[in-house]
Amino acid sequence: SVFNSEYKYLNAAAFGISGDLSMHLLWRLANGELPLDLQVQVIVLLIGTNDLGRAEVKRSSQETSASIKAIVKYIRATHPETFVVLHPIFPRGSPEERAQGSDGLMSEIEAVNLELKQSYNIEGGDEMT
């Protein structure tokens with residue numbers, strides 16, 4: 001895979017699952033996917049878009065941001081020396097759909113990103129760590 005060919009030298013691992021929800025990631029972390037004795041320097045976290053965008057589970061921006069904060073809290077509690085890079089949720093849909101607002105998700109995505117930014121006292125840009 002591209003991931004292995006480009007990042008293997010970093011001893012990196014990818015735990016992403018297509019279509020995953022934040023509550024599923026939290027369950028997997030708490031049930032052994034991130035062993036307590038594993039020394040991890042950095043975790044890059046990008047989660048939440050499926051919570052908002054999957055019709056069969058459609059979660060609110062409040063529920064989604066609460067789940068993401070629970071993941072960060074769990075990582076910090078179990079791996080306090082690990083640096084967490086928290087990505088904002090990326091826009092969904094085509095540029096035309098986003099410009100027209102027809103996607104219906106941009107306001108939810110923006111609400112989650114703003115909540116996380118405020119919760120972690122992040123100033124400037126869109127960086128959330």
Could you check whether any side-chain N or O of His79 sits under 3.5 Å from a backbone N or O of Pro35, counting only pairs where one atom can act as donor and the other as acceptor?
yes
side-chain contact (heavy atoms from CB on, under 4.5 Å) for Val44 and His87? Distances and angles first, verdict last.
CA-CA 7 Å; Val44 179; His87 276 277; 3.4 Å; yes
Output all residues satisfying side chain to side chain contact (heavy atoms under 4.5 Å, CB included) with Phe3, sequence neighbours left out; order by chain, then residue number.
Ser1, Tyr7, Ala12, Ala14
Lys73: which residues meet the side-chain hydrogen bond (donor to acceptor under 3.5 Å, both in side chains) condition with it, sequence neighbours left out?
none
Please report the interatomic distance CG(Asp51) to CD1(Ile109), rounded to the nearest 0.5 Å.
11.0 Å
Using ring-ring contact (aromatic ring centres under 6.0 Å, His included) as the criterion, list what pairs up with Phe15, not counting sequence neighbours.
none
For Tyr74, the ring-ring contact (aromatic ring centres under 6.0 Å, His included) test, sequence neighbours excluded, returns none
Tell me which one of Asn50, Leu52, Leu46 satisfies side-chain contact (heavy atoms from CB on, under 4.5 Å) with Ile89.
Leu52
Running the 4.5 Å side-chain criterion over Ile, Leu, Val, Met, Phe, Trp and Tyr, what cluster does Val57 land in, apart from itself?
Leu21, Met23
Under the side chain to side chain contact (heavy atoms under 4.5 Å, CB included) test, residues paired with Glu63 that sit two or more places apart:
Arg59, Ser60
Residues clustering with Trp27 (ILVMFWY side chains joined when closer than 4.5 Å, directly or via others):
none
The side-chain contact (heavy atoms from CB on, under 4.5 Å) partner of Thr64 among Val112, Leu116, Thr49 is Val112
How would you list, by chain and number, every residue that makes a salt bridge (Lys or Arg N to Asp or Glu O under 4.0 Å) with Arg28, sequence neighbours excluded?
Asp20, Glu33
Measuring from atom NZ of Lys117 to atom OG of Ser65, what distance do you get when rounded to the nearest 0.5 angstrom?
15.5 Å
Taking atom CD1 of Ile68 and atom OH of Tyr120, what is their separation to the nearest 0.5 Å?
8.5 Å
Any salt bridge (charged side-chain N to carboxylate O under 4.0 Å, His left out) pairs touching residues 1-17, not counting sequence neighbours?
none
Which residues pass the side-chain hydrogen bond (donor to acceptor under 3.5 Å, both in side chains) test with Ser119, not counting sequence neighbours?
Lys69, Glu115
Establish whether Leu10 and Val42 are linked, either directly or via other cluster members, by ILVMFWY side-chain heavy-atom contacts under 4.5 Å.
no
Taking only residues two or more places apart in sequence or in another chain, which ones pass side chain to side chain contact (heavy atoms under 4.5 Å, CB included) with Leu45?
Leu25, Ile47, Ile71, Val72, Leu86
Can you check whether Lys58 reaches Glu108 side chain to side chain, under 4.5 Å on heavy atoms?
yes
Kindly work out whether a path of hydrophobic side-chain contacts (I/L/V/M/F/W/Y, heavy atoms less than 4.5 Å apart) joins Ile43 to Leu36.
yes
Just to verify, what does Tyr9 make a ring-ring contact (aromatic ring centres under 6.0 Å, His included) with, not counting sequence neighbours?
none
